[in-house]
Each structure stands twice: as C-alpha cells, then as structure tokens.
Q: 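Quick one: the structure is below, and I'll ask about it shortly.
Every chain is numbered from 1, with letters handed out A, B, ... down the list of sequences.
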Amino acid sequence: MGTKAFNSKVLKEESRPSIVQRMENQERQKKFEQKQKEVEKEIRQEQREALKQGIRPKFVTNKEKSLRMAEDEWALIPDQHQRTIVHIDVDCFYAQVEMVRDPSLRDKPLGIKQKNLMVTSNYVARSMGVKKSMWIKDAVKILPNLVFVDGSDLTHYRQFSTEISAVAQSFTPNVERLGLDENYVDITDIVGDYISPEYSAIEGHVFGDKEEDRKVLGDPCGCGCLQRLTAGSHLAKKIRQQILETTGITCCAGVAHNKLLAKLVSGYYKPNQQTVVFPWQAHDVMESLKQARSIPGIGSTTFKILEDLNISTVQELQNASLSTLHTRFDEETSKRLKDLSYGIDEGLVRKSGKPQSIGLEDAFKKTSKQKSWDLTSQTHQPAKGRLKQKVKERKPQRLKPKALLNLM
DNA sequence: TGGGGTCCT
DNA sequence: AGGACCC
C-alpha cells in the first residue's frame, strides 16, 4: 500500500501534546492506576463477604469497575481499547447509485421511489427542503420538479453494495455488512502499519470539534488508542478514497474502538466526511443522544419496556440500577443495556458471508427443490444465490463472561 | 412504512 | 419457527 500522505490536515502546533502535558498525563495515569487498585480491592472484599454469607460472588465486569471510578475524571480502564473499528456509511445510497448510472441526474433534485414512498433523495433535493424519506405526494408539494427514479428493483443496488464491501475486504477480511449501505470494518490487525510520524495528524473530524478550533489532545488514556485511532482515521480515509475510485460512490466513516461509537459517530458530519471519536469522549457521544431508543441495539420493543420502567433518556438508562432492569430483562441484557448507555460495546465485527465458494455442494443438493431462485441473474460467481451459510467458521467467539471471571 | 437480512432461543 | 434487531 502506498505510503504517501493524503491531504491530511496538520495539527496546529499548540494542539500537539507538549512535554508539560505529557507529564501531566503521566501523573493522571498514576492516579488512575492507584484508584483502580483501590476499586479492585473493594470488589475483592465484597466478593469475600458474599462468600461468607454463602452467596455466589457476583460477576463484576470491567465496565462496573469503571463505573465505580466514575468520579475520577478519566474513568477508563487501560488496555480495554485495543480494537480499531471503522463504520462506513454510504451517503444516500440509492440516489448515489442512480446518479452514477446516469450522471445527468447529478445536478437535479432526485428522489428514489418505492410504491408511494420516496425512500431516499439526493443532496440537491435535500438542500431544497426535501426530507430523506417522505410520501411522494408530500415531496412533490415541496418540490414540483423533483425527478423520480423507481428503486424497487434492487439488483443494481446489490451490485454496488457488494463492490463497496469488496473494497473494504481488500484491506482486511474482517468486514461485516449491515444492510446494503453500511459496513463495519475491524482494522485492528492492519492499523499498526499506519502508526508513524507521517500519520500523526488526525484525518477528518474529531467528534465534538468545531472545525476551526479543534480541541484535543493529550493522551488521557495511554493505552495506545490515541495512536491507533489516529492511524485508523487515515485508513478510513484510504478506504473511502478507494471506494470512490472504484465505484464512484462517496460515503462517511466513523472511527472508534468499538462498533457502537463508530456507528454513532459516522454520520456526525455528512456527507462524504469522516469522524473519529476517542474512548474518553464516549460519554459526550452518548449524551448527544436524547432518547435511549436511538442507541443501536435498543429497538422498539426493548424501548417500550424501558419506558414502562420510566426510563427513556440515555441518562436515565445510565442511572438505572441493574436490579431495576433485572425486573424486566435477564441479567445479560440488563448489563448489555447499561453498557450501551455508556458507549461500551464488546460486540465483535463478524465477517459477513461473502460467498467465498463455500457451499457449492449444498447448492447442487438443493437445486432439485429450488424454489425458482434465478441463479442465472448473478453476473459473476455461478451459484452464490442465498445459501444459508451454515458452515461459516464459527471463529468469532461470543463473549464469554467466565473468561473474565478470574479476579485474583 | 415493508421487504430482506442476521442473530439468538 | 418466531422474535428482535438493523437498514
């Protein structure tokens, strides 16, 4: 891969961590570690008490530890930000595809319709007051000369979508597709190649920066996430450029140490921009959401139950006790919900089944009772249709709490 | 607002 | 198979 620099913004002198700041950080780091030891001691004490009373000691996650340290300004546990995740989100996907297929649409206000609904619109239309998705009659009212393309045939969108994922996959196989227009890319394995003085400036936005005066930085954590995420911002830029070159499609990206934050932040500056968020900003990100419903992973049914418990904002969820949640959710989910509200997400990026030539046999077996899936319509890759990818190396281990249980 | 996807039970 | 989540 090329080592040439992109048009990276250079951090202003005064933004670079000075020696004084570094020393300050070290002190904070020391303080932090001290506090951490205290908390862990406390926890061990409680575990012993529990044992004495014949109760099975409660499992204490890193997150809970970090919660107990919350009064500390940097309630962060070192070495828990090891991954680097990029979330890629295509700008108004359907509209862009149509604009690439017919460039004359570029400068016109464009809407993509499916039945009575305009499912998306391009940015020209949006700049004229048309929303993302509206009833067609309403859209026409706002903008009579809105151009419509019918988007009920998804085949082109599918093609572009797999092409986009393929670009990401050319960097690393760890790509998870989410719908047609989103991809999670776990770049942990390759981000090290981009940690160098050449890439020491952050590419694109930092969450919360105001374009001009980007605050930052210093290294409040010290686990290396600052360097990894900075490098990740360059990789994200590179992936986006590659996508643009090979497909003509622009997209946004979010860079973070977990999927949740990467996704939440990827749309923060739109379109065709990218944003990185650091672990110590997790709270700010979560506070920028009002309703807990807008946390990915909290769907309508979960949210209804939460409302029953008088929990509807992110903050309320943060402050809810595990025992309250436990009245309506099982323990795992209760923890999961609290995790989410704090921007904590250990969910792994799961390789999406790129057909990768597994399942040929299955395909032949099933052809007899095939229900008119036209295998012929696919351009390359003969029999890739929709095989239940049962095989799927079950590599990505689900998180197993027991593994963390050693608290000696 | 609906069709298609994945994951979990 | 059904539920819950996502776009």
Q: Do A/His234 and A/Tyr194 have ring centres separated by under 6.0 Å?
A: no

Q: Rounded to the nearest angstrom, tell me the gap between atom CD1 in A/Ile164 and atom C1' in C/dC7.
A: 14 Å

Q: Please report the distance, rounded to the nearest Å, between CG in A/Leu154 and C1' in B/dG2.
A: 11 Å

Q: So, are A/Asp138 and A/Lys141 salt-bridged, with charged N and O less than 4.0 Å apart?
A: yes

Q: Could you tell me whether A/Leu180 contacts a base, only the sugar-phosphate backbone, or nothing, with contacts defined as non-hydrogen atoms closer than 4.0 Å?
A: nothing

Q: Take atom CG of A/Asp330 and atom P of C/dA4, then tell me their distance rounded to the nearest Å.
A: 13 Å

Q: If the cut-off is 4.0 Å, is A/Arg293 near the phosphate of C/dC6, judged by side-chain N/O to OP1 or OP2?
A: yes

Q: By nearest atom, which of the nucleotides B/dT1, C/dC6, C/dA4 is closest to the A/Pro296 side chain?
A: C/dC6

Q: Roughly how many Å is it from CE in A/Met134 to P in B/dT1, rounded to a whole number?
A: 15 Å

Q: In whole angstrom, give the distance that lies between atom CD of A/Glu176 and atom P of B/dC7.
A: 7 Å

Q: Checking all strands, does A/Ile295 fall into the base, sugar-phosphate, or nothing category for heavy-atom contacts under 4.0 angstrom?
A: sugar-phosphate

Q: Give the rounded distance in Å between these two atoms: CZ of A/Arg336 and C1' of B/dC7.
A: 12 Å

Q: If the cut-off is 4.0 Å, is A/Lys263 near the phosphate of C/dC7, judged by side-chain N/O to OP1 or OP2?
A: yes

Q: Atom CD1 of A/Ile298 to atom P of C/dA4: distance rounded to whole Å?
A: 15 Å

Q: If only side-chain N and O atoms of A/Arg350 are considered, is one of them under 4.0 Å from the OP1 or OP2 phosphate oxygen of B/dC8?
A: yes

Q: Is A/Arg101 salt-bridged to A/Glu98, going by a charged N under 4.0 Å from an acidic O?
A: yes

Q: Across the strands shown, which category fits A/Lys132 at heavy-atom distances under 4.0 angstrom: base, sugar-phosphate, nothing?
A: nothing

Q: Rounded to whole angstrom units, what separation is found between the CD atom of A/Gln114 and the P atom of C/dC7?
A: 16 Å

Q: Please answer whether the main-chain N or O of A/Asn174 pairs with a side-chain N or O of A/Asp186 as donor and acceptor at a distance below 3.5 Å.
A: no

Q: Can you label the angle between the A/Tyr342 ring and the A/His283 ring as parallel, tilted or perpendicular, going by 30° and 60°?
A: tilted

Q: Picking from C/dC5, C/dC6, B/dC7, which would you name as closest to the side chain of A/Thr301?
A: C/dC5

Q: In terms of side-chain heavy atoms of A/Ser300, which of B/dT1, C/dC5, C/dC7 is nearest?
A: C/dC5

Q: For the side chain of A/Glu182, counting heavy atoms from C-beta on, which of C/dC6, C/dC5, C/dC7 is nearest?
A: C/dC7

